[in-house]
Amino acid sequence: MPVVVIHGGAAVVSPDKVQLKLEGVKRAANIGYEVLQSSNGTALDAVEAAVKVMEDDPVFNAGFGASLTLTEKIELDALIMEGTRMKAGAVAGVSKVANPVTLSRHIMEKSEHVLMIGDGAHKFADEVGMPATKPEALVTEYACERLNYFKSFMTAVNSGMGKSSDHDTVGAVAVDSAGHVACATSTGGITAKQEGRVGDSPCVGSGGFADDFIGAVSTTGHGEAIMRVCLARHITGLMQQGMKAQEAAVAGLEYMKNRVQGYGGVVVVSNKGDIGVHFTTECMAWAYRKGSVVHYGIQPDDDLTEDGSSDSSPL
């Protein structure tokens with residue numbers, strides 16, 4: 001059975017944002033699942049559509065509402081990957097596109113490259129007909145407030161990346177009725193990061209990984225730690241050795257915590273539709289839809305449910 005699994009980032013979530021994040025991940029799960037149910041919908045289409053929902057939602061740190069660098073700039077990173085031929089596209093440090101996940105897909109499908117950065121990526125976006133967005137149009141008041149709180153990159157890491165986190169990256173994984181898998185991850189990075197810093201999100205094997213022979217993973221958390229252990233690929237490797245998706249998600253995050261003292265979260269799906277959701281941070285908004293029921297949560301051990309058929313309207 002087709003399934004789409006969503007995360008809204010490993011993050012400290014203020015009480016006034018909890019319901020907004022939950023509604024956002026549920027909406028993304030429903031939109032992604034609708035794509036899977038359509039006549040020509042693929043896992044790749046589903047993860048792109050789901051992530052775009054969250055890039056357009058200012059409650060998440062991706063696209064509109066992304067975190068600001070120490071110099072008050074927007075720098076967006078994203079990755080999309082399909083599991084059949086393991087093709088991928090990614091962007092880093094872009095600021096003139098509202099949906100970096102879509103630009104990533106254009107790179108995957110319309111160029112010979114995997115990763116493009118900065119002005120080169122902006123030029124490519126223009127070449128493929130993506131509308132340009134003014135960077136200031138992506139800035140929200142909440143992002144400015146977070147920048148004022150986190151005064152430097154190390155402050156953000158040290159005070160935010162234990163069991164707490166400012167890393168509310170978004171991501172999705174899916175498997176379609178043909179057994180094909182895909183992943184997508186998108187982020188504005190960490191608040192008050194040094195200009196030019198790139199984390200795990202656009203890196204194949206770290207921010208995400210997809211292989212039809214195994215499954216797909218999207219990650220969130222302390223990007224430097226995730227890159228050092230190649231978390232997404234590590235988890236699919238555990239699945240390849242026989243672990244179920246949930247077991248591999250737990251084992252992969254425990255390995256990262258014990259080996260490099262890094263915290264984060266993951267969503268995982270196997271090529272058979274087996275689901276994994278786990279995080280070692282304080283919170284992670286997540287949701288998945290399989291059939292007519294949406295499962296979701298934000299606190300450890302949450303598994304709330306509701307009928308998804310009546311709540312799939314876009315923002």
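Counted within 6.0 Å of CD1 on I117, heavy atoms from surrounding residues, nucleotides or ligands total 12 or fewer; the atom is thus considered open. Heavy atoms of other residues, nucleotides or ligands lying less than 6.0 angstrom from CD of E72 number 12 at most. Crowding of E141 atom CD: a count of heavy atoms from other residues, nucleotides or ligands under 6.0 Å not exceeding 12.
Side-chain atoms of R289 come within 3.5 Å of backbone N or O of G291 as a donor-acceptor pair. At least one donor-acceptor pair under 3.5 Å links the side chain of T185 to the backbone N or O of G207. Side chain of N61 to backbone of I190: no donor-acceptor contact under 3.5 angstrom is found. Within the 3.5 Å criterion, the main-chain N or O of G199 finds no donor-acceptor partner in the side chain of E224. Side chain of N30 to backbone of K26: a donor-acceptor contact under 3.5 angstrom is found. Panel note: side chain N99, backbone V101; no donor-acceptor pair is recorded below 3.5 Å. A donor-acceptor distance shorter than 3.5 angstrom exists from the side chain of K21 to the backbone of V59, with no hydrogens or angles considered. No side-chain donor-acceptor contact under 3.5 Å links D57 to the backbone of F60. No donor-acceptor pair under 3.5 Å is formed between the side chain of H180 and the backbone N or O of A43. Formation of a donor-acceptor pair under 3.5 Å by the N271 side chain with backbone atoms of D212 is found in this model.
Tested against K52 for a side chain to side chain contact (heavy atoms under 4.5 Å, CB included), the candidates I31, V47, T102 yield a single pass: T102. With S67 as reference, R146 is the one residue of R146, E75, K193 to meet the side-chain hydrogen bond (donor to acceptor under 3.5 Å, both in side chains) rule.
Heavy atoms only, all atoms of each residue included: G188 and A66 are closest at CA-CB, 3.7 Å. Among all heavy-atom pairs drawn from I80 and E48, the shortest one is CD1-CB, 3.9 Å. Between M243 and A248 the shortest heavy-atom distance is SD-CA, 3.8 Å. Taking each heavy atom of V294 and A287 in turn, the nearest pair found is CG1-CB, 4.4 Å. Between P202 and V91, the closest heavy-atom pair is CB-O, 3.3 Å. Taking each heavy atom of Y296 and L22 in turn, the nearest pair found is CD1-CD2, 3.9 Å.
Atoms OG1 and CE, on T187 and M54 in that order, are 11.5 Å from each other to the nearest 0.5 Å. Once rounded to the nearest 0.5 Å, the distance linking OG of S270 with CD1 of I214 reads 10.5 Å. With rounding to the nearest 0.5 Å, the separation of OG in S201 from CE in M227 is 9.0 Å. How far CG of L138 is from OG1 of T133: 6.0 Å, rounded to the nearest 0.5 Å. In this structure, the separation between SG on C203 and CG on L79 is 8.5 Å, given to the nearest 0.5 Å. To the nearest 0.5 Å, atoms CG (L68) and CG (L147) are separated by 5.5 Å.
Looking only at side-chain heavy atoms (C-beta outward), P100 and E55 come within less than 4.5 Å of each other. Using a 4.5 Å heavy-atom threshold, the side chains of F209 and H234 count as separate. A heavy-atom distance below 4.5 Å is not found between the side chains of I275 and V268. Considering only heavy atoms from C-beta on, V139 comes within 4.5 Å of I74 through its side chain. The shortest side-chain heavy-atom distance between K257 and Y263 falls under the 4.5 Å cut-off. Taking 4.5 Å as the limit, every side-chain heavy atom of L20 sits out of range of all side-chain heavy atoms of E23. Taking 4.5 Å as the limit, some side-chain heavy atom of V266 sits within range of a side-chain heavy atom of L253. Taking the side chain as every heavy atom from C-beta outward, V25 and H7 never approach each other to under 4.5 Å.
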Verdict with reasoning, E195 to T69, per side chain to side chain donor-acceptor pair (under 3.5 Å): CA-CA 6 Å; E195 189 174 335; T69 70; 5.1 Å; no
Test salt bridge (Lys or Arg N to Asp or Glu O under 4.0 Å) applied to R105 and D45, step by step: CA-CA 10 Å; R105 184 166 181 178; D45 295 330; 2.8 Å; yes
Residue pair V173, V4: steps toward the side chain to side chain contact (heavy atoms under 4.5 Å, CB included) verdict: CA-CA 6 Å; V173 294; V4 59; over 6 Å; no
Side chain to side chain contact (heavy atoms under 4.5 Å, CB included) assessment of F213 paired with T84: CA-CA 8 Å; F213 289 103; T84 303; over 6 Å; no
V277 vs M284, side chain to side chain contact (heavy atoms under 4.5 Å, CB included): CA-CA, chis, key distance, verdict: CA-CA 9 Å; V277 176; M284 184 181 79; 3.8 Å; yes
Full working for side chain to side chain contact (heavy atoms under 4.5 Å, CB included) between I298 and V18: CA-CA 8 Å; I298 195 166; V18 168; 4.1 Å; yes
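Ring centroid separation for the pair Y288 and H295 comes in under the 6.0 Å cut-off. In this structure, F124 has its ring center at least 6.0 angstrom away from the ring center of H106.
Hydrophobic clustering (side-chain heavy atoms under 4.5 Å, transitive across Ile, Leu, Val, Met, Phe, Trp, Tyr) keeps V5 apart from L44. Cluster annotation: V97 and V128 are assigned to the same hydrophobic cluster (Ile/Leu/Val/Met/Phe/Trp/Tyr, side-chain heavy-atom contacts under 4.5 Å, transitive).
A side-chain N or O of T219 and one of D200 form a donor-acceptor pair less than 3.5 Å apart.
Salt-bridge check for D126 with K96: failed, with every basic side-chain N at 4.0 Å or more from each acidic carboxylate O.
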